[in-house]
Amino acid sequence: MCGISGIFSFNDKDRSDRLKKIHSLIKHRGQDANGFIGRNNNLFSKNIYFAHRRLSILDLSDKANQPFIDKKNNNMIIYNGEIYNFRELREDLKKKNYKFKTNSDTEVILYLYNELGIDLINYLNGMFSFAIWDEKIKALFCVRDEFGVKPFYYKISDNSFEFSSESKALYQGEELNHSYIQSYFLGMYSPFNLSVFKNIQTLKPGHYLKIQDNEIKIHKYFSIEDNLKKRRKPNSNDIQKVKSLFDSSVKSQLISDRNIAVSLSSGNDSSAIFHSMYKNNINFSSISIGFENHNNYDLKNAIELSKKFGIENYNEIISNEESFNLISKSVEALSEPIADSSIVPTFKLSQISKSINAPVLLSGVGGDEVFMGYDRYKGNNNLFRYLLNKLPYTSRNFFSILCSQNNPVSYRIKNKFFDNFLSSGGSKKLFSIIKDANFKDYYDLFWKYFSEDNFKSLYGGYQFAYFDLISYLPNLLLNFYDQITMSHTIEGRVPFINRELIKFCSEFDYKYHADFKSQRKIFKKANLNQNNFPKKKFGFSGPIKNWIDFDYKKFKEQIMYSDLNLFFRKKDLEKIFYEFESKKIYYNEIYILYVFCVWKNSLNVN
């Protein structure tokens with residue numbers, strides 16, 4: 001796990017100082033080694049610049065430092081992530097007379113490129129973003145993993161192509177992306193694979209980018225749509241295979257030359273990982289947190305579960321005062337504003353993981369997306385929505401016309417993806433008071449990205465699930481999980497995000513995953529968490545109401561003293577505070593505004 005940065009120059013200008021600046025802004029991502037290749041090297045073209053920050057997890061020797069160079073084949077790589085099947089790939093390459101000087105997965109990727117070219121990506125099981133420079137053909141390849149566990153941001157100008165693991169490292173005073181801002185206030189994140197900054201973009205999950213002869217081309221290399229179309233019924237052997245694939249994923253993610261911990265809430269996903277880790281007879285710790293003046297039901301269960309199996313549990317109850325301070329620290333770790341309250345517990349878990357010297361932290365992120373764990377998969381306990389989702393697009397379009405124009409209900413009826421996006425969080429109230437915001441214009445943009453015409457071959461509820469896999473998961477959950485763990489130089493691993501597991505689970509008809517009565521049906525049949533089913537689903541989130549009630553004055557001051565004139569009229573914000581003080585409503589709106597102000601001020605964004 002590391003941080004990568006690079007520049008491909010379209011002319012002869014020296015970009016060394018610019019890359020050093022970018023590189024300095026991600027030093028938190030790896031402090032075990034620092035590598036740089038610029039125009040003064042005598043091996044590669046003068047227009048390619050690579051830099052790398054290393055967090056050593058596998059092969060702690062200096063030989064595995066990056067940029068990693070293959071002098072024989074005249075190419076090099078910088079790489080962020082882990083390849084969990086690298087040992088098997090290494091053995092295959094040895095049979096073809098490849099000689100290895102390290103025990104790292106980095107060397108395996110580069111040699112596999114020599115053997116297969118860019119098709120190597122189809123053989124990688126892991127989380128990764130990397131760049132390979134091939135001197136022989138004067139080509140740069142940039143790759144991001146299938147589901148977007150590892151980030152890759154880039155910026156194109158007339159004179160250069162820049163990239164980095166974090167968008168704020170590329171920031172040079174660009175204007176904010178208005179589409180991102182609207183998305184943020186409406187849904188607490190952007191579903192479009194957009195950066196918050198204009199001219200800074202994200203490489204989509206399952207895509208790679210190639211630059212050759214100063215021409216940039218982007219290619220898609222992975223999709224699960226064909227699996228989703230199978231819609232078959234799982235048999236007993238299938239259920240057993242689900243369990244086997246999950247256990248195999250967990251086992252593969254235990255490779256490490258450093259200490260390992262698991263984030264344990266005693267919920268379905270984290271307890272499933274805990275049990276699978278325990279079966280592998282390795283030394284690991286569990287980390288759990290709770291909050292002041294909160295139920296903490298899951299914390300109590302996590303402590304009991306760890307004690308039952310003899311696993312050391314590190315736990316802490318976060319006071320309201322510390323929670324308030326952690327909001328700012330969590331937001332300052334992000335490249336983009338994300339108003340999910342889970343950023344706070346994620347920050348604290350990473351903090352504890354670092355304090356116990358466990359730089360590898362496993363998490364249950366992705367379990368709800370893979371096994372249909374959200375209430376919205378079963379109609380969000382809403383019979384009207386459940387029945388509405390059964391209707392074909394033409395029928396829903398007719399009902400939407402009956403609603404008044406520019407009414408959010410109309411667009412939610414018309415587009416399932418839009419309904420799903422609005423169900424995940426955010427605030428229609430804040431969107432309604434953004435200057436020059438128009439619901440129809442935003443919906444048209446949303447439709448451009450997520451038209452049901454593009455996914456008409458996908459059946460019913462799987463459209464929801466597919467949206468979450470290609471948007472909610474990489475752009476929100478995995479986005480902040482990577483950046484917050486890496487702000488503590490912690491490698492966050494996510495066993496539910498496994499290519500073979502997700503492809504296989506996607507083959508089954510949606511009704512075998514979730515229906516109006518229940519969800520996680522296949523998860524439960526496979527008994528992944530050893531009958532440790534919580535009586536109630538507790539989301540991995542923080543108690544926003546407690547935080548704001550604890551020090552409402554500071555929340556209000558931060559928002560009112562920040563320059564939000566570009567987005568809101570002062571009187572509209574004052575009205576929100578007036579209604580909060582008189583009716584105790586708009587907790588979510590205040591939190592979303594506060595997160596945005598902290599983020600904006602931390603980067604001094606104009």
Side-chain angles (χ1 to χ4, degrees), residues 57-58 82-88 125-127 147 149 234 236-288 298 301-314 349 353 358-373 473 477-478 481 485 490-505 513 520-534 537 540:
I57 300 296
L58 294 170
E82 298 291 348
I83 304 302
Y84 303 123
N85 64 334
F86 85 98
R87 286 173 177 154
E88 295 91 329
N125 169 19
M127 54 180 186
F147 300 103
V149 181
S236 58
N237 290 334
D238 291 326
I239 298 300
Q240 188 57 42
K241 185 174 179 179
V242 168
K243 184 172 180 58
S244 175
L245 286 171
F246 173 73
D247 285 336
S248 176
S249 179
V250 172
K251 183 177 181 179
S252 71
Q253 297 197 26
L254 299 179
I255 56 169
S256 174
D257 294 327
R258 307 283 294 274
N259 295 331
I260 297 177
V262 59
S263 165
L264 181 62
S265 69
S266 82
N268 284 309
D269 302 323
S270 64
S271 61
I273 294 171
F274 176 92
H275 284 291
S276 188
M277 291 175 71
Y278 183 79
K279 288 189 293 187
N280 282 280
N281 296 316
I282 65 157
N283 292 321
F284 71 96
S285 305
S286 63
I287 305 174
S288 310
D298 46 354
N301 277 3
I303 294 171
E304 291 176 4
L305 184 62
S306 299
K307 185 177 180 181
K308 177 181 177 181
F309 288 91
I311 301 299
E312 187 166 11
N313 177 266
Y314 296 86
L349 288 165
S353 193
V360 176
L361 180 64
L362 274 66
S363 164
V365 172
D368 281 315
E369 288 73 21
V370 177
F371 287 103
M372 317 296 163
L473 186 63
L477 297 179
L478 294 173
Y481 185 67
T485 52
I490 296 294
E491 174 169 292
R493 296 182 179 178
V494 282
F496 282 102
I497 309 304
N498 174 276
R499 178 190 294 188
E500 297 308 315
L501 176 65
I502 293 176
K503 285 173 63 179
F504 189 67
C505 289
H513 280 288
R520 284 185 176 272
K521 293 165 71 174
I522 289 178
F523 181 99
K524 293 172 183 176
K525 282 188 176 182
N527 197 21
L528 296 185
N529 62 351
Q530 303 295 298
N531 294 315
N532 186 60
F533 296 107
K537 178 177 172 57
F540 185 66

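Residues: numbered from 1 along the sequence shown.
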**Study point:** Nearest heavy-atom neighbours spanning Val250 and Pro495
**Key:** CG2-CB, 3.8 Å

Practice item. For the residue pair Lys241 and Pro234, establish whether any side-chain heavy-atom pair is separated by less than 4.5 Å. Key: no

Check your understanding: So how far is it from Ile287 CD1 to Ser363 OG, rounded to the nearest 0.5 Å?
Key -> 11.0 Å

Point to revise | Donor-acceptor contact below 3.5 Å, side chain Asn85 vs main chain Asn125 | key: yes

**Study point:** side chain to side chain contact (heavy atoms under 4.5 Å, CB included) between Phe147 and Val494, intermediate numbers included
**Key:** CA-CA 11 Å; Phe147 300 103; Val494 282; over 6 Å; no

Practice item. For residues Ser263 and Leu361, report the shortest heavy-atom separation together with the two atoms involved. Key: N-CD1, 3.7 Å

Study note, to complete from the structure: Output for pair (Phe284 CZ, Ser306 OG), nearest 0.5 Å, gives 7.5 Å

**Study point:** Check: Ser265/Ser270 side-chain N/O donor and acceptor closer than 3.5 Å
**Key:** yes

Exercise for review: Answer yes or no: is there a side-chain heavy-atom contact under 4.5 Å between Ile273 and Met277?
Suggested key: yes

Check your understanding: If only atom types and distance count, is the side chain of Ser252 paired as donor or acceptor with the main-chain N or O of Ser249 below 3.5 Å?
Key -> yes

Study note, to complete from the structure: Shortest non-hydrogen pair, Arg258 vs Pro359, comes out as CB-CG, 3.5 Å

Exercise for review: Please name the pair of heavy atoms, one in Ile83 and one in Ile255, separated by the smallest distance, quoted to 0.1 Å.
Suggested key: O-CD1, 4.1 Å

Practice item. Please say which of Ile497, Leu473, Ile502 ends up in a side-chain contact (heavy atoms from CB on, under 4.5 Å) with Glu369. Key: Leu473

Review point. Taking atom OG of Ser271 and atom CG of Asn301, what is their separation to the nearest 0.5 Å?
Key: 9.5 Å

Study note, to complete from the structure: To the nearest 0.5 Å, atom CG of Asp368 lies from atom CZ of Phe496 at 9.0 Å

Review point. Do side-chain atoms of Arg493 reach the backbone of Gln253 as a donor and acceptor pair under 3.5 angstrom?
Key: yes

**Study point:** Heavy-atom check, side chain of Leu362 versus side chain of Leu254, under 4.5 Å
**Key:** yes

**Study point:** Interatomic distance, His275 atom NE2 to Leu528 atom CG [nearest 0.5 angstrom]
**Key:** 10.5 Å

Practice item. With salt bridge (Lys or Arg N to Asp or Glu O under 4.0 Å) as the test, would you mind laying out the steps for Asp238 and Lys525 before giving the verdict? Key: CA-CA 10 Å; Asp238 291 326; Lys525 282 188 176 182; over 6 Å; no

Exercise for review: Flag the pair Phe371 / Asp269 as yes when at least one side-chain heavy-atom distance between them is below 4.5 Å, and no otherwise.
Suggested key: no

Practice item. Inspect the surroundings of NZ in Lys251 and state if more than 12 heavy atoms from other residues, nucleotides or ligands are less than 6.0 Å away. Key: no

Check your understanding: Is there a donor in the side chain of Glu82 and an acceptor in the side chain of Tyr84, or the other way round, less than 3.5 Å apart?
Key -> no

Exercise for review: Might you work through the side chain to side chain contact (heavy atoms under 4.5 Å, CB included) test for Leu245 and Lys503, ending with a clear yes or no?
Suggested key: CA-CA 11 Å; Leu245 286 171; Lys503 285 173 63 179; over 6 Å; no

Point to revise | Side chain proximity check, Asp247 to Lys279, heavy atoms < 4.5 angstrom | key: yes

Check your understanding: Taking all non-hydrogen atoms of both residues, which atom of Ile311 and which atom of Ser286 are closest, and how far apart?
Key -> CG2-N, 4.0 Å

Review point. Who passes side-chain hydrogen bond (donor to acceptor under 3.5 Å, both in side chains) against Ser353, sequence neighbours left out?
Key: none

Check your understanding: For Tyr481, does its backbone N or O pair with a side-chain atom of Thr485 as donor and acceptor, under 3.5 Å?
Key -> yes

Revision key, fill the gap. CG (Asn280) and CD1 (Ile260) are apart, to the nearest 0.5 Å, by 9.5 Å

Practice item. Begin with the C-alpha distance, continue with both residues' side-chain angles, and end with the deciding distance and a verdict on side chain to side chain contact (heavy atoms under 4.5 Å, CB included) for Asn529 and Phe523. Key: CA-CA 8 Å; Asn529 62 351; Phe523 181 99; 3.8 Å; yes

Point to revise | Heavy-atom pair with the smallest gap, counting every atom of Phe246 and Ala272 | key: CE2-O, 3.6 Å

